[in-house]
Amino acid sequence: FVRALRSKGRKQLSPPGPWSFPIIGNLFQLGDHPYLTLMEMRKKYGDVFLLKLGMVPVLVVNGMEMVKQVLLKDGEHFAGRPNMYTFSFLAEGKTLSFSVNYGESWKLHKKIASKALRTLSNAEAKSSTCSCLLEEHVTEEVSELVTVFVELSSKNGGFDPRNAITCAVANVVCALCFGKRYDHSDEEFLKIVKTNDDLLKASSAANPADFIPFLRYLPLQIINSPRKFYQALNGFIALHVQDHLVTYDKDHIRDITDALINVCHNKYATTKTDTLKDSEIISTVNDLFGAGFETVSTCLYWSFLYLIHYPEIQAKIQEEIDGNIGLKPPRFEDRKILPYTEAFINEVFRHASFLPFTIPHCTTADTTLNGYFIPRKTCTFINMYQVNHDETIWDNPSLFRSDRFLNENRELNKSLVEKVLIFGMGIRKCLGEDVARNEIFIFITTVLQQLKLKKCPRAKLDLTPAYGLVMRPKPYQLQILRLRGGFLTQF
Ligand code: HEM
């Protein structure tokens, strides 16, 4: 393929790239942290280069300008998804996020998903003074999270907050999608939301099983882990969908699943939607549920780690909360009046870059990039980690410095915030950016309004991530002290 690519592009050059081995290509040169290896390769080959992963040519794109070219200016040509073995496990490959079929039907699908998420998030709160349903779900879950933290702390002193965070965040998306929440000790729920590192590694860019077909038939953890996980996830979602199909009432839309059933019922009336099958429309709930908890909970797990690693930053956020909202429960609209907290969250996005690559893209037609010929169906990796650590954009990128996002008046520098690449951009941009930003803000401010987080005495904190689709920090423990009216109380 590469030779064909090179000869077809005789008039138009093909991108440069390293020499590769037969069968395995450059797969095993990527090491434990592929985004770093690719950053190194960029020094030699430039912003655009070509690798071979197994037998598959993969285009790697770095640098803000080149990424904008691919995702925005020439977005239509790079908006496909490659045919990846691991992707096919989620709802049999029919999903919005992973489907290989890109075209008018897919665009319609994204519109339907976006509308369902927006409408249900912004729906009226049921019983509180919250501004919308999403805010109500988030405030309920964070207050439960604080209770769980206090219980864990009184039992064990130091504790690892990971499972509690994951349950709280998964409950938000569960409430939006299915109108239901689960107890943090519910076994059925834990089986679904307690993803493990093998799964995250297997779902990442550069899983050997996606590129070397015969590996799929071997009993390897990296193959079986995602298969088992997605089977369980699909089963869990199917049960909720079945239940909704039986109890659906068109005059009383309870949640996103009902909203999607409603689209199916109305599709012949609206004419445009009949190119999408009912199963595709309903599978949107797999996308939203699947994408909505691991990302946000990993971000919070990183945030709490940074807060105990840099207690002075935690103290500044607490001062900002005390000075501007006091003891009033934080709300989405408070993001405007807590610029330092917003700066901290953006610095977590940038520094941790816990999604180092977008989901892989694929070209939908022959195209050219930076003068190189790129054939149709070329798998494309966008190295977001590189953009977030690019020395031409960021002063001392390896330093964690929330202040970099504030201007001389201590206001949020919005044009710098836009340079952080964590939700992707253009046609394939994340659907949940607003939900995620609002949710993360309420979790962090509510926890810090009530608790002071501390590292355990003598513990060594490690800020290097474990590589995966979403990169988590290594497990850590924290301790808490309760804050009452600005004063600390011991448990
Ligand atoms: C896609 C990041 C939270 C729904 C993506 C992509 C990224 C991303 C990088 C891929 C973009 C691309 O392929 O170019 C994040 C981050 C989150 C987050 C960092 C949290 C901090 C959420 C939430 C939801 C969501 C809360 C929904 C409830 C989706 C969907 C897609 C997606 C449906 C697929 C879009 C497509 O294929 O066109 N997200 N996401 N995400 N995200 Fe998120």
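Sequence positions, counted from 1, serve as the residue numbers for this chain. Each ligand, and each atom within it, is numbered from 1 in the order the structure gives.
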## Note on the structure
The closest protein heavy-atom partner of atom 2 (C) of ligand 1 is I422 O, 3.3 Å
### Query
For D434, which residues count as a side-chain hydrogen bond (donor to acceptor under 3.5 Å, both in side chains) partner, sequence neighbours excluded?
none
## Note on the structure
Min over M425, M384, R428 of heavy-atom distance to atom 36 (C) of ligand 1 lands on R428
### Query
Under 6.0 Å between the ring centres of H351 and Y306?
yes
### Task
Could you tell me the residue and atom name of the protein heavy atom closest to atom 34 (C) of ligand 1, and the distance to it rounded to 0.1 Å?
S97 OG, 3.6 Å
### Message
Quick one about N438 and R335 (side-chain donor to acceptor, distance below 3.5 Å, no hydrogens or angles considered), yes or no?
### Response
yes
### Summary
The protein heavy atom nearest to atom 28 (C) of ligand 1 is L288 O, 3.8 Å
### Task
Look only at interatomic distance and state if R81 has a nitrogen or oxygen under 3.5 Å from any nitrogen or oxygen of ligand 1.
yes
### ring-ring contact (aromatic ring centres under 6.0 Å, His included) partners of H184, counting only residues at least two apart
none
### Query
In terms of residue, atom name and distance, what is the protein heavy atom nearest to atom 38 (O) of ligand 1?
K110 NZ, 2.8 Å
### Query
Do F400 and Y310 make the cut of ring centroids closer than 6.0 angstrom?
yes
### Query
At what distance is the nearest protein heavy atom to atom 14 (O) of ligand 1, and which residue and atom is it?
H361 NE2, 2.7 Å
### Query
Does a side chain donor of either D390 or Q386 reach within less than 3.5 Å of an acceptor in the other side chain?
yes
### Message
Quick one, F405 with Y340, criterion ring pair (Phe, Tyr, Trp, His ring centres under 6.0 Å). Give me CA distance, side-chain angles, the key distance, then yes/no.
### Response
CA-CA 8 Å; F405 288 102; Y340 185 79; over 10 Å; no
### Qualifying residues under side-chain hydrogen bond (donor to acceptor under 3.5 Å, both in side chains), relative to E320, sequence neighbours excluded
T341
### Task
Scan side-chain atoms only and decide if S353 and N388 contain a donor-acceptor pair under the 3.5 Å cut-off.
yes
### Query
Mind checking whether H137 and R181 have side chains closer than 4.5 Å, heavy atoms only?
no
### Task
With 2.8 Å as the limit, jot down which protein N, O or S atoms are around atom 43 (Fe) of ligand 1.
C430 SG
### Task
Pick one of side chain, backbone, both or neither for how W106 approaches ligand 1, counting any non-hydrogen atom pair under 4.0 Å.
side chain
